[in-house]
Structures are given as C-alpha cells and as structure tokens.
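Structure, as structure tokens:
Given the structure is predicted, the values throughout are model-derived calculations rather than measurements.
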Amino acid sequence: MQHLAPDWVLLTGKFLGLSLVIVTWIVILMGGGILMQLILGADNLEISLYLKTLFGLQLIDYLLFTAIAFVVHIVVNQKYIGFMVVLLVFNFMAFPTKFGIEHSMLVYGDGPGWWYTDMRGFGASLGPWLWFKAYWIAWAILLAVAAKLLWVRGKDRSLKSRFQIAQQRFTGSIIWISILGAGLLFTLGSFIFYNTNMLNDYQTESELTERQAEYERRYGRYRNTPKPQVTATKLQVELYPERQQAEIHGTYTLVNKDSVAIDSIHIGSASGSEFTEVKFDRSLTA
C-alpha cells in the first residue's frame, strides 16, 4: 500500500526550501559587506550587528513576503499567472499611496522603520517595529491556513472541487490554528490601532501635504525679510532616554547684519518639540 506524505509536510518543505534560498542570499550579502569593509580598511567589522540586522530584522521581512508569494502561487495554481500576481502584490507593497492606501495596518508587511546609530543603537525604534511584525506574522498564520486548505493534490484542479476539499480539511488542528491566528490578529491589531490612531495624532500623507502647504501660505511672505544671524550659542541639554525626552536651556546671541532695522523675530520649533518659555533678556541695541 502506498502512503502519501501529509499536506503539511509538503507545504513546510517547499516553504523551507524557499527560505533556505533567502538565507543563502543573505550570507552572500553579509560576505560582500564584510569584504567591502576590509577593502576600505575598517578595523571594527561588528559581525554581531550584521547578524542582528540581516538574520534578525531583514530576514523577518523577507520571510513575510515569501509567505504571501507562496500562498499566491497555491491559490492561483498557474505558475506564470502566479508570477504576475506576486509582482502586482509587490508593487502594491512598495507604492501603496499610488493605490490610495496609506495606513501601515493595511499594507502587508509594512510598519515603522527601524534605525541604528553608534551612540543610541536601535534606540526606541525596535518596539513599534516588532509590534507591527507580530501583527503581520498573525496574518501569515492565516495565510498558511489558506494555503493548507487550497493545496492541490490530484488531477481535479477546478475551483469548485478545491473549495469542497477545503471544507473537508477545515477540521481539528486547522480550526485551532485559525482561532489562534485570528485571536493574535485581533489583539495585536487593536493594540496597534489604539496606539497609532488614538494615543497619537495619526495623519495621512494628504493631511501632511496640506499642513505643509498651509505653513507655506502662512509664513511664505516672510521668506525674504531681514533676519538676525546667530553669532553665539550656549546650551544646557538634559537627556531622559527612558522617557524619550530632552530638556534644553540655552542662550542665543542674535546680530542684525543687514543695513535695515528688523521689526519682528519669528521663532519656530521642530515637529514633536515645543517651547515652554522664550524671552529676550536684554533690550535691543543699535
């Protein structure tokens, strides 16, 4: 009697095969980066940083895209049409605003980027990044369930028969995995939405553009007016990394180097910062 391998064995094997190709490519990239550093005379290669970024952060993004490409090919079940659909999905992921979609929760694999500096390391960028990746991993779990249900085995490849087989397969562990994925998706999605849209002032790209246009309309008329020049600066900076805040007390010496008098001084602040007090501690001198 011939025994067929379970569906999950075949699916997992194919996905791991694709993942191995990606890992191999990452190894080549890391080798190229190290070689370039050696050629340029670098004395600190930071291999651990390579491993964290390439095999930690970047690999998750690559595997998420591999998962959706894998599911697309299973659902479409036509190689070349599948390639075309995957390309369209990639274009949507790369340029979502062109399709009128801006929120990161609606673009598969999207989320706030991470950054790294020698002084601060990854700073506070990893937390939000990880929450979003966990959210998309929950989606990937549901995609894996869809792949399992619609996996084609045998000669009958019609859509009707595939849905009938999917109904028969939706039992036991598949139900529990679906519940787990849906539960994670709802929990993580609710948490992210509350933080991005409720606790913080979420603005779309069109709103940011309108805000910039309003700023230019309001202050553009001062573009060519005489302005004092900063000739000396004295700052006292207090950093609070645990609160992601900084307090700055400082004194600026302003000098009018133009031949005409200046009747007003405009003071602005960067986004996310605010002034608690601004004062001039001496009278103007000619």
Check your understanding: Stepwise, does the side-chain contact (heavy atoms from CB on, under 4.5 Å) test hold for K148 with I74?
Key -> CA-CA 9 Å; K148 171 66 170 63; I74 290 176; over 6 Å; no
Practice item. Look at R211 together with E214 and state whether they make a salt bridge at an N to O cut-off of under 4.0 Å. Key: no
Check your understanding: How about L150 and V71: do any of their side-chain heavy atoms sit closer than 4.5 Å?
Key -> no
Check your understanding: Could you walk me through whether L235 and Y252 pass the side-chain contact (heavy atoms from CB on, under 4.5 Å) check?
Key -> CA-CA 8 Å; L235 298 177; Y252 295 87; 3.7 Å; yes
Review point. Under 4.5 Å between side-chain heavy atoms, hopping through other hydrophobics if needed: is there a path connecting I179 to I177?
Key: yes
Side chains of residues 79-102: which donor-acceptor partners sit under 3.5 Å, not counting sequence neighbours?
from, atom 1, to, atom 2, distance (Å)
N91, ND2, L87, O, 3.3
E102, OE1, E205, N, 2.4

Check your understanding: In Å, rounded to the nearest 0.5 Å, how long is the span from CG of D43 to CD of Q37?
Key -> 9.5 Å
Practice item. Evaluate the side-chain proximity of F55 to V23: yes if any heavy-atom separation is below 4.5 Å, no if none is. Key: yes
Study note, to complete from the structure: What one should report as the nearest heavy-atom pair of I174 and F170 is CG2-CD1, 3.6 Å
Check your understanding: So with a 6.0 Å cut-off around NZ of K14, is the heavy-atom count from everything else above 12?
Key -> no
Check your understanding: Taking a hydrophobic cluster as the set of Ile, Leu, Val, Met, Phe, Trp and Tyr residues connected by side-chain heavy atoms closer than 4.5 Å, whether directly or through intermediates, do L20 and L18 fall within one such cluster?
Key -> no
Practice item. Please test L38 against L45 for side-chain contact (heavy atoms from CB on, under 4.5 Å), starting from the C-alpha separation and ending with a verdict. Key: CA-CA 8 Å; L38 292 174; L45 296 178; 4.0 Å; yes
Practice item. With rounding to the nearest 0.5 Å, note down the distance linking CD1 in I137 to CG in L142. Key: 12.5 Å
Practice item. Please round to the nearest 0.5 Å and tell me the distance separating atom CZ of F122 and atom OG1 of T117. Key: 10.0 Å
Check your understanding: Do L126 and Y116 share a hydrophobic cluster (ILVMFWY, side-chain heavy atoms under 4.5 Å, transitive)?
Key -> yes
Check your understanding: Can you tell me how far CD1 of I22 sits from CG of L59, rounded to the nearest 0.5 angstrom?
Key -> 7.0 Å
**Study point:** Closest approach of V145 to S178 (non-hydrogen atoms, all atoms of both residues)
**Key:** CG1-OG, 3.4 Å
Check your understanding: If you count the non-hydrogen atoms of other residues, nucleotides and ligands that lie under 6.0 Å from CZ in R217, is the total more than 12?
Key -> yes
Show the atom names and distances, to 0.1 Å, of all donor-acceptor pairs under 3.5 Å that link a side chain in residues 103-112 to residues at least two apart or in another chain.
from, atom 1, to, atom 2, distance (Å)
H103, ND1, M105, N, 3.1
H103, NE2, N197, OD1, 2.8
S104, OG, D110, OD2, 3.3
Y108, OH, L64, O, 2.7

Revision key, fill the gap. Rounded to the nearest 0.5 angstrom, the CZ-CG distance for F70 and L63 is 12.5 Å
Check your understanding: Given side chains that start at C-beta, do those of S190 and Y194 come closer than 4.5 Å, heavy atoms only?
Key -> no
Check your understanding: Does the side chain of I26 reach to within under 4.5 Å of the side chain of Y62, using non-hydrogen atoms?
Key -> yes
Point to revise | D61 side, atom CG; K133 side, atom NZ - distance, nearest 0.5 Å | key: 3.5 Å
Check your understanding: Taking C-beta and beyond as the side chain, do V21 and T66 meet within less than 4.5 Å on heavy atoms?
Key -> no
Check your understanding: Does some side-chain heavy atom of F132 sit less than 4.5 Å from a side-chain heavy atom of T196?
Key -> yes
Review point. Under a 4.5 Å cut-off applied to non-hydrogen side-chain atoms, are Y135 and W139 in contact?
Key: yes
Practice item. Report whether L49 and W129 are members of the same hydrophobic cluster (ILVMFWY, side-chain heavy atoms less than 4.5 Å apart, transitive linking). Key: yes
Review point. Is there side-chain contact between W114 and T53, with at least one heavy-atom pair below 4.5 Å?
Key: yes
Point to revise | Considering all heavy atoms, the nearest V230-T233 contact | key: CG1-OG1, 3.5 Å
